[in-house]
Amino acid sequence: MRLNKLLERLNYDVIQGRDDIEISTLLNDSRKVEVGSAFVCIVGAISDGHDFVADVIEKGAAAIVVEKPVVAPQGVTVIHVADTRLALALMSASYFDYPAEKIKIVGITGTKGKTTTTYMIKSILDAVGYQVGLIGTIEAIIGDTHFPANNTTPESFTIHKYLARMVEAGCDCVVMEVSSQGLKLHRTAGIQFEIGIFTNLSPDHIGPNEHADFDEYRFCKGMLFAQCNLGIGNIDDENYTGIFAQSTCKRETFGFSDQADLRAENLRLIQHAGTLGIGFHVRGLLDFEVEVDIPGKFSVYNALTAIAVCRHFDVPVLAIQKALGVAQVKGRVEMIPVSSNFTLMIDYAHNAMSLESLLSTLKAYNPTRLVCLFGCGGNRAKDRRFAMGEIAGLYADLTIITSDNPRFEDPQAIIDDIKVGIQKTDGNYVEIIDRKEAIKYAIAHGQAGDVIVLAGKGHEDYQEIQGVKHHMDERVLIREIQEELGLS
């Protein structure tokens with residue numbers, strides 16, 4: 001492919017060489033450069049691609065795309081652009097022959113609910129015969145192939161690579177989580193979304209290498225609605241108006257408000273043997289009953305979002321009801337059948353805000369006891385440990401403090417920090433360092449009517465200790481424990 005073809009949607013200056021040369025590969029990872037590559041110098045939080053120019057030239061790079069001055073020998077083309085991240089996005093689109101223009105893309109942004117909603121939408125559309133790709137926090141899915149994720153929204157080159165594979169695999173559409181960082185760093189630049197979704201907004205990802213303040217965080221979330229045809233937003237959220245301030249799209253709303261185009265009414269909690277759920281009536285643009293086997297008001301919002309999207313794909317109401325009735329997402333209030341006497345679930349809640357939301361939701365089901373098992377990651381702010389300990393102590397009838405990812409810290413020291421928070425409350429607790437033994441204790445001591453939540457790991461299938469990720473999947477641990485306790 002010719003370099004000027006890759007650059008066709010960019011404003012750029014040729015500092016040195018020619019822009020009509022043939023390029024073998026497009027890369028922003030200096031380790032993968034080969035003879036004939038075009039290397040885009042990305043400025044990252046940890047490293048700066050401009051510092052690797054000499055290295056990639058030695059490996060045979062034919063062209064360098066920069067936003068800062070660099071020194072390169074004659075014979076190497078140097079292209080200057082205002083923003084290399086934007087350049088990478090637009091060049092990647094061209095490199096893969098603009099796959100985003102050949103497939104309908106649904107983008108979901110917000111602080112909470114993105115992951116669950118993407119899977120809900122995919123399950124509904126899959127059920128009626130659509131071929132649906134997915135890009136999100138847990139993984140990317142193309143057909144039967146699953147690719148583990150490193151970021152909620154991958155780098156732009158990876159996005160277009162996935163989209164190209166989805167087009168090749170015959171996908172009709174893709175559901176994508178779109179993070180504020182992904183928008184800020186132009187990872188989705190140049191993509192015109194068929195539908196953009198706003199779930200909710202609360203303070204998060206504010207600090208060094210993320211967002212300077214809440215205003216910037218909200219602004220970046222809102223960028224999605226300047227690059228989609230239809231925006232569907234949660235009208236109940238106080239930031240709804242601000243999120244859509246820069247929008248250029250048509251707009252629809254969902255929520256509990258009478259002003260919502262699609263709204264939920266007549267909520268009812270549902271409890272079956274070993275499971276919790278919620279039911280409600282959909283009013284407005286559609287009119288029908290829904291039951292979801294995931295507890296809590298947040299599940300209503302997630303389900304409303306999925307319904308709002310699938311309405312535009314002409315999905316029959318019966319198919320929506322059936323798919324939502326069995327919807328489950330790995331690591332997101334994921335029910336694990338162990339006993340008909342009590343409910344056991346796995347959830348990714350790993351900060352005070354998400355833990356409080358989860359425990360307050362479960363408390364509404366009036367369990368005999370609410371049992372919360374969790375730990376905190378090592379080499380992270382101690383404030384999180386104090387806060388999570390206090391939240392657990394306030395809401396749970398019994399807290400089992402254990403290990404999460406201790407990383408390079410002493411697991412007992414982390415537990416001691418959590419205890420500082422929990423001891424501010426009257427909450428009962430036990431401490432068991434080994435996570436499997438802690439889970440075994442929770443199951444072995446489960447009482448009729450208990451709700452037991454294993455918080456923090458969610459979809460993760462490892463435990464990081466002293467720089468090494470050891471395989472540890474709580475689902476596997478639970479099966480082993482069932483066998484050991486004679487419950488299988």
Side-chain angles (χ1 to χ4, degrees), residues 269-277 293-296 328-350 354-355 358-377 388-389 391-406 411-412 414-415 418-419 422 427-463 465 470-488:
L269 303 182
I270 298 171
Q271 293 180 272
H272 303 300
T275 64
L276 305 174
D293 271 351
I294 306 174
Q328 283 287 340
V329 181
K330 186 176 183 180
R332 300 306 196 272
V333 201
E334 179 186 358
M335 308 285 178
I336 307 294
V338 170
S339 169
S340 59
N341 287 329
F342 58 81
T343 301
L344 177 69
M345 66 184 67
I346 295 172
D347 192 82
Y348 190 49
H350 59 288
S354 57
L355 188 64
L358 174 65
L359 296 182
S360 61
T361 292
L362 298 176
K363 200 76 171 174
Y365 287 80
N366 296 315
T368 302
R369 295 185 308 164
L370 178 55
V371 179
C372 177
L373 178 151
F374 81 99
C376 288
M388 289 185 71
I391 290 297
L394 289 171
Y395 285 93
D397 298 292
L398 173 64
T399 299
I400 303 171
I401 311 173
T402 187
S403 295
D404 192 295
N405 292 320
Q412 184 61 56
I414 297 172
I415 288 174
I418 294 171
K419 285 157 57 178
I422 203 168
N428 296 317
Y429 69 91
V430 296
E431 52 185 289
I432 304 172
I433 290 180
D434 183 273
R435 196 168 183 103
K436 180 180 177 180
E437 289 303 313
I439 296 171
K440 188 173 184 178
Y441 179 92
I443 293 173
H445 291 81
Q447 299 177 13
D450 280 357
V451 172
I452 303 169
V453 57
L454 314 182
K457 296 301 292 177
H459 61 278
E460 292 181 352
D461 60 1
Y462 64 86
Q463 188 172 46
I465 303 170
H470 302 269
H471 181 75
M472 190 196 75
D473 188 325
E474 290 188 320
R475 297 148 202 82
V476 175
L477 296 184
I478 290 167
R479 288 196 297 269
E480 292 174 353
I481 291 165
Q482 284 181 276
E483 292 177 3
E484 293 168 10
L485 295 176
L487 299 175
S488 57

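Here the structure is a predicted model, which is why all the values come from computation and not from measurement. Nothing fancy with the numbering, it's 1 onward along the sequence.
- By the 4.5 Å heavy-atom criterion applied to side chains, E334 and H459 are not counted as neighbours.
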Using atom types as modelled, flag every donor-acceptor pair under 3.5 Å from a side chain in residues 335-345 to any protein atom, sequence neighbours excluded.
residue, atom, partner, partner atom, Å
S339, OG, N341, N, 2.9

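- A 4.5 Å side-chain heavy-atom check between P367 and L276 finds every atom pair outside the cut-off.
- For the pair R479 and V476, the minimum side-chain heavy-atom distance is below 4.5 Å.
- In this structure, the side chain of Y441 does not engage the main chain of E431 through any donor-acceptor pair within 3.5 Å.
- A distance of 12.5 Å separates CG in D347 from CG in L373, rounded to the nearest 0.5 Å.
- Side chain of Q463 to backbone of P406: no donor-acceptor contact under 3.5 angstrom is found.
- At distances below 3.5 Å, not a single donor-acceptor pair connects side-chain atoms of E480 with backbone N or O atoms of L477.
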task = Starting from the C-alpha separation in whole Å, work towards a yes-or-no answer on side chain to side chain contact (heavy atoms under 4.5 Å, CB included) for R435 and D404.
result = CA-CA 8 Å; R435 196 168 183 103; D404 192 295; 4.2 Å; yes
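- Minimum heavy-atom separation, D461 to H471: O-ND1, 3.3 Å.
- Shortest non-hydrogen contact noted between P295 and L362 is CG-CD2, 4.0 Å.
- The side-chain heavy atoms of L398 and H445, taken from C-beta on, include no pair separated by under 4.5 Å.
- Side-chain atoms of Y365 come within 3.5 Å of backbone N or O of G277 as a donor-acceptor pair.
- A364 and L269 get closest at one heavy-atom pair: O-CD1, 3.4 Å.
- In this structure, the side chain of T402 does not engage the main chain of F374 through any donor-acceptor pair within 3.5 Å.
- Taking CG from N366 and CD from Q271, the interatomic distance works out to 7.5 Å, rounded to the nearest 0.5 Å.
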task = Would you please test M472 and K436 for side chain to side chain contact (heavy atoms under 4.5 Å, CB included) and show each step?
result = CA-CA 9 Å; M472 190 196 75; K436 180 180 177 180; over 6 Å; no
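- Across M388 and A349, no two heavy atoms sit closer than the pair CE-O, 4.3 Å.
- K363 contributes no side-chain N or O that, together with a main-chain N or O of L370, makes up a donor-acceptor pair within less than 3.5 Å.
- The closest side-chain heavy-atom distance from I478 to I439 is below 4.5 Å.
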request  = Starting from the C-alpha separation in whole Å, work towards a yes-or-no answer on side chain to side chain contact (heavy atoms under 4.5 Å, CB included) for V333 and L358.
outcome  = CA-CA 8 Å; V333 201; L358 174 65; 4.3 Å; yes
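- Of all heavy-atom pairs between A396 and C372, the closest is CB-CB, 3.9 Å.
- Put simply, CG on D434 and NZ on K440 are 10.5 Å apart, with the number rounded to the nearest 0.5 Å.
- Figure legend: K457 and Y462 shown as a cation-pi pair, the cationic atom lying under 6.0 angstrom from the six-membered ring centre and within 45 degrees of its axis.
- D450 contributes no side-chain N or O that, together with a main-chain N or O of T368, makes up a donor-acceptor pair within less than 3.5 Å.
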